[in-house]
Asks: 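Quick one: the structure is below, questions incoming.
All heavy atoms count here, side chains included; hydrogens, waters and symmetry mates do not. No experiment lies behind these values; they were computed from the predicted model shown.
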Amino acid sequence: MIKNELDVSLHKTDTLKQKPAQDNLGFGRYLTDHMFVMKWNREKGWHDADIKAYSDFHLDPAAMVFHYGQAIFEGLKAYWGKDGSILMFRPRDNLKRLNNSALRMCMPRIPEDKVLQALKGLIYLEREWIPRGDGAALYIRPTMIATEAALGLRPSEEYLFFIITSPVGAYYSEGFNPTRIYVEDTYVRAVPGGVGEAKTAGNYAASVKALTEAQSKGFTQVLWLDALEHKYIEEVGTSNIFFVINDELITPPLGGTILPGITRDSVLKLAADWDITTREERISIDEVIAAAKDGSLTEAFGSGTAAVISPVGEFSYKNENISVGGGKTGPLAQRLFDGIQTLQRGGCPDPHDWLVRVA
Ligand SMILES: *Cc1c(COP(=O)(O)O)cnc(C)c1O
């Protein structure tokens, strides 16, 4: 049950951190002065909601998150709008997705409207941390963990939800350059019936070995194939994947193993607005390679909050290197990147009502 009343108290801190240099923020290196926290138990529902100084947690070593991994999170951004407003991009979709992840992991759902209000309060309080550089933003990380101290396997009966924020630089500080991608044919990310569509911590723990092995071979990311046949394309790293074949935009369908990306959904809707044919269809790695070789595959790119759009210049599959679009960023990837970034900063009309104003 979601209790409706949620009083958020505010405890501002006077000990403010030194703000980092704006030209070298990186991703997630710096954390701001405040955070939002609230607790859940069966008796009280969500309670003790507080915006307070960023600080450590005190957790029992038997806290269930450490042992059984009930942990879910989200990632979204806040930006300075062109007119000096503070904007967030589709934050309700992130909170809704967090609640879907919560259901899958037997965790309590959060009151989306109240949390959105609290999030706005937090972002406004931290507004001086929102970077102003081109492509820079304040990254927002809502998270929920199981905190009950007990060693038997069952859903925890106590949880902590928190939101922390981090100023991040432009993802492409060295230019919007295509990446080299390793097609992973040994490790898998998610199995049918598993937790692939939940943004749950274990999915990322399970993926780092493949990532580090691919990076040690000189690749940026891995392309995940389906777990049963190692044949159908799923995602690229922690992004969704798109292909342009015969001028149509193709992405794998959401079938339980793929994370339903908000950027993915935005790409599909914008492309449809631009009269581009879009298909959510299973596509095999063999079809992608054949299309690259006969020239019908002209672009491939990933989509996600961190990078927005990430063009792919080359795939490596079973020791063969397959170039995409001559290794250059394609026109649709560029148009989507520019279009979404402009929209996120209030620089063009917002026909889908994606922007939420903080102030
Ligand atoms: C978060 C995430 C995405 C992208 O989702 P966005 O909402 O677009 O940021 C894609 N795949 C995985 C595995 C993810 O964790």
Side-chain angles (χ1 to χ4, degrees), residues 26-27 133-137 168-184 211 214-225 233-252 261 263-264 266-279 281 283-345 347-348:
F27 188 86
D134 232 13
V168 299
Y171 201 84
Y172 297 103
S173 47
E174 276 133 47
F176 187 49
N177 293 321
T179 51
R180 295 182 67 218
I181 301 297
Y182 183 77
V183 182
E184 179 57 67
L211 174 65
Q215 286 178 338
S216 72
K217 293 177 202 141
F219 298 94
T220 316
Q221 267 298 350
V222 299
L223 184 73
W224 299 106
L225 302 178
I233 311 279
E234 298 237 312
E235 300 196 56
V236 58
T238 57
S239 299
N240 295 110
I241 180 100
F242 287 86
F243 301 96
V244 179
I245 300 179
N246 293 324
D247 295 327
E248 296 181 344
L249 184 61
I250 302 168
T251 193
T263 320
R264 174 188 181 278
S266 307
V267 165
L268 287 170
K269 293 203 164 102
L270 279 180
D273 290 350
W274 298 340
D275 290 327
I276 293 162
T277 303
T278 61
R279 297 181 188 280
E281 273 175 16
I283 178 165
S284 69
I285 182 66
D286 295 331
E287 290 172 272
V288 169
I289 289 169
K293 287 184 175 164
D294 73 17
S296 54
L297 172 72
T298 49
E299 296 188 44
F301 53 86
S303 72
T305 294
V308 186
I309 297 292
S310 171
V312 175
E314 183 187 312
F315 290 111
S316 170
Y317 181 53
K318 295 193 191 293
N319 295 319
E320 192 186 356
N321 292 333
I322 301 113
S323 167
V324 180
K328 296 202 170 62
T329 297
L332 185 58
Q334 186 73 55
R335 186 177 177 195
L336 284 162
F337 180 70
D338 295 338
I340 294 173
Q341 287 227 103
T342 304
L343 199 160
Q344 287 172 333
R345 288 160 180 78
C348 65

Asks: Work out which heavy atom in Pro252 is nearest to a heavy atom in Glu234; give both atom names and the distance.
Replies: CG-O, 3.7 Å

Asks: Nearest heavy-atom pair of Phe337 and Ala307: which atoms, and what distance?
Replies: CE1-O, 3.7 Å

Asks: Do you know the tightest heavy-atom contact between Ala214 and Gln221?
Replies: CB-O, 4.4 Å

Asks: Suppose the criterion is salt bridge (charged side-chain N to carboxylate O under 4.0 Å, His left out): which pairs have a residue in residues 285-301, not counting sequence neighbours?
Replies: Lys293-Glu320

Asks: Mind checking whether Tyr317 and Val288 have side chains closer than 4.5 Å, heavy atoms only?
Replies: no

Asks: Quick one, Leu225 with Ile233, criterion side-chain contact (heavy atoms from CB on, under 4.5 Å). Give me CA distance, side-chain angles, the key distance, then yes/no.
Replies: CA-CA 5 Å; Leu225 302 178; Ile233 311 279; 4.0 Å; yes

Asks: I need the single residue from Asn321, Ile285, Ile181, Ile289 that forms a side chain to side chain contact (heavy atoms under 4.5 Å, CB included) with Phe315. Which is it?
Replies: Ile181

Asks: Taking atom OG of Ser303 and atom CD1 of Ile340, what is their separation to the nearest 0.5 Å?
Replies: 7.5 Å

Asks: Compare every heavy atom of Cys348 with every heavy atom of Leu343, then report the nearest pair and how far apart it is.
Replies: CA-SG, 3.6 Å

Asks: Checking side-chain contact (heavy atoms from CB on, under 4.5 Å) for the pair Tyr171/Val308: CA distance, chi angles, key distance, verdict?
Replies: CA-CA 9 Å; Tyr171 201 84; Val308 186; over 6 Å; no

Asks: Between Asp247 and Thr277, does a side-chain contact (heavy atoms from CB on, under 4.5 Å) hold up when you go through it step by step?
Replies: CA-CA 8 Å; Asp247 295 327; Thr277 303; over 6 Å; no

Asks: Between Ile309 and Ala333, what is the shortest heavy-atom contact and its length?
Replies: CG2-O, 3.8 Å

Asks: For Arg180, which residues count as a salt bridge (charged side-chain N to carboxylate O under 4.0 Å, His left out) partner, sequence neighbours excluded?
Replies: Glu314

Asks: Kindly compute the distance separating OG1 (Thr263) from CD (Gln344), expressed to the nearest 0.5 Å.
Replies: 7.5 Å

Asks: Working to the nearest 0.5 Å, report the span between CG of Asn246 and OG of Ser296.
Replies: 4.5 Å

Asks: I need the Arg335 CZ to Leu270 CG distance, nearest 0.5 Å.
Replies: 9.0 Å

Asks: For Val267 and Asn240, run side-chain contact (heavy atoms from CB on, under 4.5 Å): C-alpha distance rounded to whole Å, both residues' side-chain angles, the deciding distance at 0.1 Å, then the answer.
Replies: CA-CA 10 Å; Val267 165; Asn240 295 110; over 6 Å; no

Asks: Using the ring of each side chain (for Trp, its six-membered ring), is Phe301 parallel, tilted or perpendicular to Phe242, with breaks at 30° and 60°?
Replies: parallel

Asks: Mind checking the OG1-CZ spacing from Thr298 to Phe243? Nearest 0.5 Å is all I need.
Replies: 11.5 Å

Asks: Closer than 3.5 angstrom, by distance alone: can the side chain of Thr329 be matched with the main-chain N or O of Phe176 as a donor-acceptor pair?
Replies: yes

Asks: What's the separation between atom OH in Tyr182 and atom CG in Leu223, rounded to the nearest 0.5 Å?
Replies: 11.5 Å

Asks: Ser310 pairs by side chain to side chain contact (heavy atoms under 4.5 Å, CB included) with which of Thr179, Val236, Asn177?
Replies: Thr179

Asks: Please give me the minimum heavy-atom distance between Gly327 and Pro178, naming the atom from each residue.
Replies: O-CG, 3.2 Å

